[in-house]
Amino acid sequence: MRHRGTTLVALVGLSAGALAAGAPASAQTTPPAKVPLAIGRGGAVATVDPDATAVGLDVLRRGGNAADAAVAAAAALGVTEPYSAGIGGGGFFVYYDAASGEVSTIDGRETAPLAMRADSFLDADGEPMDFTTAVRSGLSVGTPGTPRTWERALEEFGTRDLEEVLDGAIGLAQDGFTVDETFRQQTAENEEKFRTFPATAELFLPGGRLPEVGSVFRNPDLARTYRLLAQEGVDAFYSGDLADDVVATAQDPAEAPGTPDVPAGLLTRTDLAAYAALDREPTHVRYRGLDVYGMAPPSSGGSTVAEALNQLERYRLSSMRVTDAVHTYLEAGALAFADRNAYVGDDAYVQVPLQELLSDGFATERTCAIDPAVAAPKPVAAGVPDGEYGPCPAARGEVVAEGAEGTSTTHLTVADADGNIASYTLTIEATGGSGITVPGRGFILNNELTDFDFAPADITKPAPNLPAPGKRPRSSMSPTIVLDQGEPRLALGSPGGSTIITTVLQTLVGRIDGNMSLAEAISAPRSSPRNGAAVSAEPEFIEVLGDDLTARGHVFTETAEIGAATGIEFLPGGLVLAAAEPVRRGGGSAAVVRDVLDEQEVPDLAPQLADAS
Ligand code: GLU
């Protein structure tokens, strides 16, 4: 065994500080520096982008709370990360309110138009539509939920009005931001899609070309749209001229001459007028004495992370050899994904056995399928979360394949001086969404409805995630908050389609069981067990652990990068640590209101959490 005795910490290999993304040398203007780790007091912000982090921090400095700063940072991301987030999309907002000690969530997921049917993503031959065709279409545009999420978050938890909170993003859209390599690269990856739609090409390929690194990118249309929302409230998005524009664009995306017609959308004014961001109970499980809260259906994030944690709690990971611990993680991830695929969808349409999926009894029964030495052949069957759990039954459930999912999205984490925390993941689904910009309005419409399964994998098996009128497609977004004996301890989340779930799971396990700091756990090499025939894993993970795990029957496919997490942890002594991804996707940006590293020694960044042992 090549790596016997390696600690999980050693697996990280690289310190976050050493990995800060560098700015390109040839810039006309240097993009703002990205610092992936900050420690201090007075509140903290971690996002993928330094401008968005600065906007959030500014709101905290002016006395806004975590909800105010989270909405401000999200709006800024709509400017600087318009291919991952924006008012044309949706997301999930998880909030810890220090005054009440409660964790609450807002479901801002896009909804299917009322005209959508179970067969809407089938082609004329009754076959599932080509995925790329579906992405680049009006058909995949769900009713956006982000504006209502911001409204609800401010109304329920905030202390500032939308006008004040949007101010920073309006300035950024009006005055511009400096293009970095990530923005240029994402534009390049989308170039063909963007050229399909003249309004998109005009905005994101200025002068017909990719934006230059170091150039200033302005979006006065979006500044105008944000001003409208600031002045009139988000009703202006769901009714009135802007709503007319959104509907007209989704129904009839104007393609460039000479490009093939794209499938038309079903969105109507009625869909927009009926949209509501929903308050939902968070998912909750105890893990090694900590309380882990996540997002309930229609996201599968909370339940799948929770089920895997419940399984892993049955093992003393911290005292296992690394390969044994990672083997157990890979098996638990696959089992939890089998159950996710079989049972989780929008619970207004399907009966999701949520309490059972979160139960210790079910987790114990599921771990019977984990052989400590040998990987189970994948895919594994789903379990039966029926409340009657015996010792180690034979697997009786169905095998349900996972549908195609994108790899975009963004997660931001904010904490304020009072200990309130916002953990917010938002998206327009694919990087670049549908590619369809609402002309003159400065934002791209989502393609979130491609998160539905286009057809049942097998008509004899459960299919909780088929399209239906008004239904919310199943998500994997996993904004998470962890409390320790009622006190806020940490919060995190990630982009990455269904790999979001395993990124959050692996990061939590790295922090809680692996004796890593949050920053180390975020940067550690990743694998993503999702019950596929092969586990996607990063090259460094395969290099270090691949031989030992392959010998146990695990199969890996190499993926350059998985996820790009951000998180915040409250450390002893009233300190707060903010961590962003140091390398993946060009790195992120963490900041605190008052940096303390000038004043004091570096504190212990990985204090033991609760009874995690
Ligand atoms: N649409 C995905 C979800 O809700 C997120 C997009 C992504 O991260 O690729 O799970």
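Atoms considered below: every heavy atom in the structure, side chains included; atoms not considered: hydrogens, waters and symmetry mates. Note that ligands are numbered from 1 as they come in the structure, with each ligand's atoms numbered from 1 the same way.
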Gap between atom OG1 of Thr111 and atom CZ of Arg472 - 0.5 Å precision: 6.0 Å
Separation between CD of Gln186 and CG of Asp180, rounded to the nearest 0.5 Å: 8.5 Å
Those atoms of ligand 1 less than 4.0 Å from some heavy atom in Ile500: 8 (O)
Close-contact set for ligand 1 against Gly497 heavy atoms, below 4.0 Å: 7 (C), 8 (O), 9 (O)
Short N-O contact, Asp346 and Lys471, less than 4.0 angstrom: no
Region of Arg474 engaging ligand 1 - heavy atom pairs below 4.0 Å: neither
Element-labelled atoms of ligand 1 that are located less than 4.0 Å from some non-hydrogen atom of Glu448: 1 (N), 2 (C), 4 (O)
Gap separating the CG atom of Leu492 from the CD atom of Glu569, nearest 0.5 angstrom: 10.5 Å
Closest non-hydrogen atom pair between Asp107 and Tyr275, with its separation: O-OH, 3.9 Å
Atoms of ligand 1 close to Met477 [distance to a heavy atom under 4.0 angstrom, numbered from 1]: 4 (O), 10 (O)
Sub-4.0 Å atoms of ligand 1 with respect to non-hydrogen atoms of Thr409: 5 (C), 6 (C), 7 (C), 8 (O), 9 (O)
